[in-house]
Amino acid sequence: MPRPIQATIHTKALRSNLARMRRAAPDARVWAIVKANAYGHGIERVFEGLRGADGFALLDLQEAERVRALGWRGPILLLEGVFEPRDLELCSRLSLWHVVHCEQQIDWLAAHKTHVPHRVFLKMNSGMNRLGFAPHQLRTAWTRLDALPQVDEISLMTHFSDADGPRGIAHQVRAFDDATRDLPGERSLANSAAVLRHGRDAGIRADWVRPGIAVYGSAPDFPEHDAAHWQLQPTMTLASRLIGVQQLQPGDTVGYGSSFTADAPLRLGVVACGYADGYPRHCGTGTPVLVNGVRTRLLGRVSMDMLTVDLTPVPQAQIGTEVTLWGRASNGTVMPIDEVARAGGTVAYELLCAVAPRVPVAVA
Ligand SMILES: *Cc1c(COP(=O)(O)O)cnc(C)c1O
């Protein structure tokens, strides 16, 4: 028997979350963001659930090839554009749309030989200060692109730094609107947090929205709101089983560094899941976990292949009992990945992307 850990991808949940994004941004077209191998889910595994999207957006040319290999003939957008001139050949061959965020990418396009002109998304830096043209450079970049025979349609985009937080997006929306006011073309601004929090605003949902994390069932503004509040369903369950049970006496300690000491008799469960599976080592005593669908807590340190849990609320638990690290238990109870991420001092994005190759994945 293989080690009992398994990840399960929930096709219906992906479909439902995508529909939720559509409801939040009526009339906008939806890019399903599938970068980082579909936030760790696997592009091939999410395709069925997300094929109702208007397009797929990603970073990696190899990932774009995989989406085309699945038979997708609709739009694919390279969110960072091309990394070297050669990449433009693949854009031509696979009809990829690509972001243009710097002068060099325009130079490469100007030197590119293609029969079919490209559709590009001209990116403005509205305050995030990662990629994009400064507001005062945008018009020059647009004019250069517009003059190129290699370019067909120019769309405009920007990305928010604080759509999930107190600073908000108003300053960036203003910068973008001011700089693009009299430029033609479709527009794209909103990530998951902006779709959920501001999708009713036509200027923010614009022509295309770009939700990622919400499609994968995590609340982008947790803990202010949780996934249930936004009606998002978990798209990945990470589950395992108990492979050992210990009876602790007062004064007994657990695991490396003896970071937990029992102050009363306690039944301890040993779970086949550790940081080598992608479970965060920073999740300490108190991190929530479901045993047999009942909420309990981690005790002590996460080790490479195992972690340990308090069986007090589940006295019937024994070797073989189901443990849900995140996602949905067999009895329907949900362990929100956002809670686990928070306990580990990180975000659900990182947990989803970090599930290790050794974990077998099923699609349901
Ligand atoms: C990753 C990414 C998104 C999606 O962000 P979420 O917070 O996951 O919704 C949108 N736009 C760009 C440019 C991105 O890189």
Side-chain angles (χ1 to χ4, degrees), residues 13-14 17-18 20-22 24-25 28-41 43 46 50 53-61 63-64 67 75-83 96-102 105 120-133 155-165 167-169 172-173 176 186-199 204-222 224-227 230 232 234-236 337-338 341 346-354:
L14 287 160
N17 295 342
L18 183 66
R20 175 73 183 87
M21 292 300 107
R22 282 204 189 281
R29 272 159 293 161
V30 180
W31 291 111
I33 310 285
V34 294
K35 65 188 178 189
N37 199 21
Y39 289 52
H41 289 60
I43 286 179
V46 300
L50 299 183
D54 298 293
F56 289 92
L58 39 72
L59 309 178
D60 200 302
L61 280 93
E63 289 184 343
V67 175
I76 297 177
L77 177 63
L78 296 178
L79 287 166
E80 293 179 348
V82 296
F83 303 101
L96 308 180
W97 302 1
H98 48 103
V99 163
V100 171
H101 64 74
C102 62
Q105 288 178 329
V120 298
F121 276 62
L122 177 59
K123 184 162 187 177
M124 186 186 125
N125 172 14
S126 55
M128 172 79 133
N129 284 312
R130 292 192 315 193
L131 301 181
F133 290 90
S155 304
L156 301 164
M157 74 177 263
T158 196
H159 192 54
F160 297 131
S161 58
D162 292 77
D164 55 340
R167 189 175 182 204
I169 60 174
Q172 287 188 266
V173 173
F176 182 73
E186 293 188 339
R187 280 139 164 84
S188 177
L189 296 82
N191 58 0
S192 295
V195 172
L196 289 168
R197 293 164 74 109
H198 306 284
I204 290 164
R205 68 176 180 266
D207 300 295
W208 292 88
V209 293
R210 307 190 305 271
I213 196 67
V215 169
Y216 301 101
S218 153
D221 56 355
F222 186 83
E224 187 180 342
H225 299 107
D226 62 13
W230 292 123
L232 299 169
T235 59
M236 182 198 285
I337 190 170
D338 294 317
T346 183
V347 287
Y349 299 74
E350 190 179 12
L351 267 51
L352 291 169
C353 292

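Counting starts at 1 for both ligands and their atoms, following the listed order. What's counted below: heavy atoms across the whole structure, side chains too, no hydrogens, waters or symmetry copies. Keep in mind that what you see is a predicted model, and the values were worked out from it rather than measured.
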Problem - Residues Lys35 and Glu80 bridged, charged N to O under 4.0 Å - result: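 Judged by the 4.0 Å cut-off on N to carboxylate O distance, Lys35 and Glu80 do not form a salt bridge.
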Please determine if [X] has a nitrogen or oxygen closer than 3.5 Å to a nitrogen or oxygen of ligand 1.
{"X": "Ile213", "value": "yes"}
{"X": "Lys123", "value": "no"}
{"X": "Gly212", "value": "yes"}

Exercise for the section: Ignoring hydrogens and angles, tell me if any N or O in the side chain of Ser192 forms a donor-acceptor pair with the backbone of Gly212 under 3.5 Å. Expected result: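 Yes, the answer is positive, given that a donor and an acceptor are paired below the 3.5 Å cut-off.
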Tell me the protein heavy atom at minimum distance from [atom], and give that distance in Å.
{"atom": "atom 11 (N) of ligand 1", "result": "Arg210 NE, 2.9 Å"}
{"atom": "atom 8 (O) of ligand 1", "result": "Tyr39 OH, 2.6 Å"}
{"atom": "atom 9 (O) of ligand 1", "result": "Ser192 OG, 2.5 Å"}

Practice task
Only heavy atoms count here, so choose which of His159, Lys35, Met21, His101 is nearest to atom 15 (O) of ligand 1.
Solution key: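 Residue with the shortest heavy-atom distance to the ligand atom: Lys35.
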Practice task
Decide whether the shortest distance between a heavy atom of Trp31 and an atom of ligand 1 is less than 4.0 Å.
Solution key: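 Not so, Trp31 does not reach ligand 1.
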Practice task
Take every heavy atom of Tyr349, measure it against each atom of ligand 1, and state whether any distance is under 4.0 Å.
Solution key: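 Checking ligand 1 against Tyr349, which is what was asked, there is a heavy-atom contact under 4.0 Å.
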Practice task
State, without any angle test, whether Arg130 and His101 hold a side-chain donor-acceptor pair at a distance under 3.5 Å.
Solution key: no
Exercise for the section: Can you measure from CG (Leu18) to CG (Leu232) and round to the nearest 0.5 angstrom? Expected result: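 Taking CG in Leu18 and CG in Leu232, the distance rounds to 11.5 Å.
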Practice task
Tell me, please, which residues at least two apart from His225 pass ring-ring contact (aromatic ring centres under 6.0 Å, His included).
Solution key: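 His225 satisfies ring-ring contact (aromatic ring centres under 6.0 Å, His included) with His229, Trp230 only.
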Practice task
Compare all side-chain heavy atoms of Leu352 with those of Ile213 and state whether any distance is below 4.5 angstrom.
Solution key: yes
Exercise for the section: Side-chain contact test, heavy atoms from C-beta onward, threshold under 4.5 Å: evaluate it for Ile337 versus Met236 and give yes or no. Expected result: no
